[in-house]
Amino acid sequence: MRIAVCDDSPRDRAAILKVLEKLNLAADVFDTGEALQAAFWKQPYDLVLLDIEMPGTGGYDLALVLKKQYEVCEIVFITEHMELVLEAFRFKPAAFVPKGQLAAELPRALKRILEKERENPVFVTRKKNRERIVELNQVMYLKYIYDHEVQFKLKDGSCFSETGSMKQFEAELAPKGFLRIYSNCMVNVLYIVRIEREAVILANGEQLAVARERREGVRKAYMEYLMTC
């Protein structure tokens, strides 16, 4: 898990890092929203501990940009002003932590997030009698290529192929949040940012076509997913 800390206060950054160290977690540290944003464009972070009030680009503006770029990024807002919390629900944050209670509340929030990460279901593929264990929240989509070869695209940009049919993979992955949007393609709903008339837009900016006969079903399934978030 790639973690970033962004806070303009040296004292608060030190307090946050102390908590992370106790949990054996490492993080990249930024003192401005602009610096974090520049790094995020090069490679997204899975978890961002973000001060709401900062000079220049504030926490809310930054969260909006980060979520647009990488929808599955988890954000923990850290603030001295808990009255700002209600404004942040649109970002679906993982937690809010008062700065005055960092030592007590931040470990609890981080442990919840880590437990959620560990609960991520896995998928076992067997190509040429060799097992591969894949964490499903790392898979963005899979496509049938040719001659019973199915290619898996991961969130880090890498790919691997497995032997099988889309019907076989659909039976196993549909109950785990994957939508078949075309005869040759299934998408992890976790990575869908929005649905347009003829395509789904993914968190990394890719657009994948949706078959005409599947559009209504895909849209309905995605709306049901959003209602459970």
Side-chain angles (χ1 to χ4, degrees), residues 1-2 39-48 65-75 92 94 113 116-229:
M1 173 180 279
R2 298 189 73 242
F40 202 94
W41 278 110
K42 294 177 182 178
Q43 187 175 1
Y45 289 92
D46 302 299
L47 171 63
V48 175
V65 173
L66 302 186
K67 280 290 193 178
K68 280 184 177 180
Q69 183 182 347
Y70 191 50
E71 179 71 15
V72 295
C73 172
E74 295 277 21
I75 293 178
K92 299 178 182 178
I113 294 168
K116 179 181 175 183
E117 185 80 6
R118 295 188 188 105
E119 290 171 358
N120 173 44
V122 297
F123 175 60
V124 180
T125 62
R126 298 175 178 85
K127 184 177 182 180
K128 297 180 180 178
N129 296 320
R130 294 181 61 184
E131 288 191 351
R132 179 194 295 266
I133 300 176
V134 183
E135 293 184 356
L136 287 183
N137 71 1
Q138 304 299 307
V139 179
M140 297 189 72
Y141 61 85
L142 53 152
K143 276 189 172 184
Y144 184 84
I145 307 301
Y146 61 88
D147 195 23
H148 288 86
E149 285 288 312
V150 176
Q151 185 181 73
F152 286 68
K153 175 69 175 288
L154 305 184
K155 75 172 188 177
D156 64 5
S158 63
C159 300
F160 68 88
S161 63
E162 293 294 336
T163 302
S165 68
M166 290 304 293
K167 183 176 181 180
Q168 166 197 333
F169 287 122
E170 182 177 24
E172 189 162 355
L173 297 179
K176 299 176 181 178
F178 283 73
L179 302 178
R180 193 166 181 179
I181 63 171
Y182 220 92
S183 60
N184 70 337
C185 184
M186 290 187 70
V187 176
N188 188 342
V189 68
L190 181 66
Y191 290 95
I192 297 177
V193 175
R194 66 180 186 278
I195 296 180
E196 297 187 344
R197 186 173 179 272
E198 300 178 354
V200 294
I201 312 300
L202 304 186
N204 66 350
E206 285 190 68
Q207 298 186 28
L208 299 176
V210 180
R212 183 188 300 272
E213 68 275 11
R214 295 180 183 271
R215 290 173 190 166
E216 186 58 35
V218 169
R219 188 176 299 277
K220 181 179 178 181
Y222 182 58
M223 293 303 296
E224 290 174 353
Y225 163 75
L226 291 178
M227 292 297 291
T228 63
C229 290

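Hydrogens, waters and symmetry mates play no part in the numbers below; they use all other heavy atoms, side chains included.
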- [ ] Calculate, to the nearest 0.5 Å, the distance between atoms CD and CZ belonging to Gln43 and Arg2 respectively.
- [x]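 Between Gln43 CD and Arg2 CZ, I get 4.0 Å after rounding to 0.5 Å.
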Open item on the list: Rounded at 0.5 Å granularity, tell me how far CD1 in Ile192 sits from CG in Leu202.
Closed with: 7.0 Å
I want to check something: taking the side chain as every heavy atom from C-beta on, are [X] and [Y] in contact at a cut-off of under 4.5 Å?
X      : Y      : answer
Val139 : Leu154 : yes
Glu149 : Thr163 : yes
Tyr222 : Val200 : no
Val187 : Val218 : no
Lys143 : Lys153 : no
Ser161 : Ile145 : no
Ile195 : Val210 : no

Open item on the list: Considering only residues two or more places apart or on different chains, which pairs with a residue in residues 188-198 satisfy side chain to side chain donor-acceptor pair (under 3.5 Å)?
Closed with: Arg194-Glu196
TODO: Apply the test side-chain contact (heavy atoms from CB on, under 4.5 Å) to residues Leu179 and Tyr225: give CA-CA distance (whole Å), side-chain angles for both, the deciding distance (0.1 Å), then the verdict.
DONE: CA-CA 11 Å; Leu179 302 178; Tyr225 163 75; over 6 Å; no
TODO: May I ask you to check whether over 12 heavy atoms, not counting those of Lys176, lie within 6.0 Å of atom NZ?
DONE: yes
- [ ] Determine, stepwise, if the pair Asp46 / Lys155 fulfils side-chain contact (heavy atoms from CB on, under 4.5 Å).
- [x] CA-CA 11 Å; Asp46 302 299; Lys155 75 172 188 177; 2.4 Å; yes
Task: Geometric class of the Phe40/Tyr45 ring pair [parallel <30°, tilted 30-60°, perpendicular >60°] - done: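 Because their plane-to-plane angle lies in the 30° to 60° range, the rings of Tyr45 and Phe40 count as tilted.
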Open item on the list: Is the ring pair His148/Tyr144 parallel, tilted or perpendicular, if the boundaries are 30 and 60 degrees?
Closed with: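 Answer is perpendicular, since the angle exceeds 60°.
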TODO: Using ring-ring contact (aromatic ring centres under 6.0 Å, His included) as the criterion, point out the one residue from Tyr141, Phe169, Phe178 that pairs with Phe152.
DONE: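 Only one option passes, and that is Phe169.
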- [ ] Would you name the heavy atoms of Ala174 and Met186 that are closest together and state the gap between them?
- [x]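 What the structure gives for the nearest pair is N-CE, 4.1 Å.
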- [ ] Return the minimal non-hydrogen interatomic distance between Leu208 and Cys185, and the atom names on each side.
- [x] CD1-SG, 4.1 Å
TODO: Mind running side-chain contact (heavy atoms from CB on, under 4.5 Å) on Leu136 and Leu190 for me, showing each step along the way?
DONE: CA-CA 10 Å; Leu136 287 183; Leu190 181 66; over 6 Å; no
Open item on the list: Please evaluate residues Arg214 and Ile181 with respect to the criterion side-chain contact (heavy atoms from CB on, under 4.5 Å), reporting the C-alpha separation (whole Å), side-chain torsions for both, the decisive distance (0.1 Å), and the verdict.
Closed with: CA-CA 6 Å; Arg214 295 180 183 271; Ile181 63 171; 5.5 Å; no
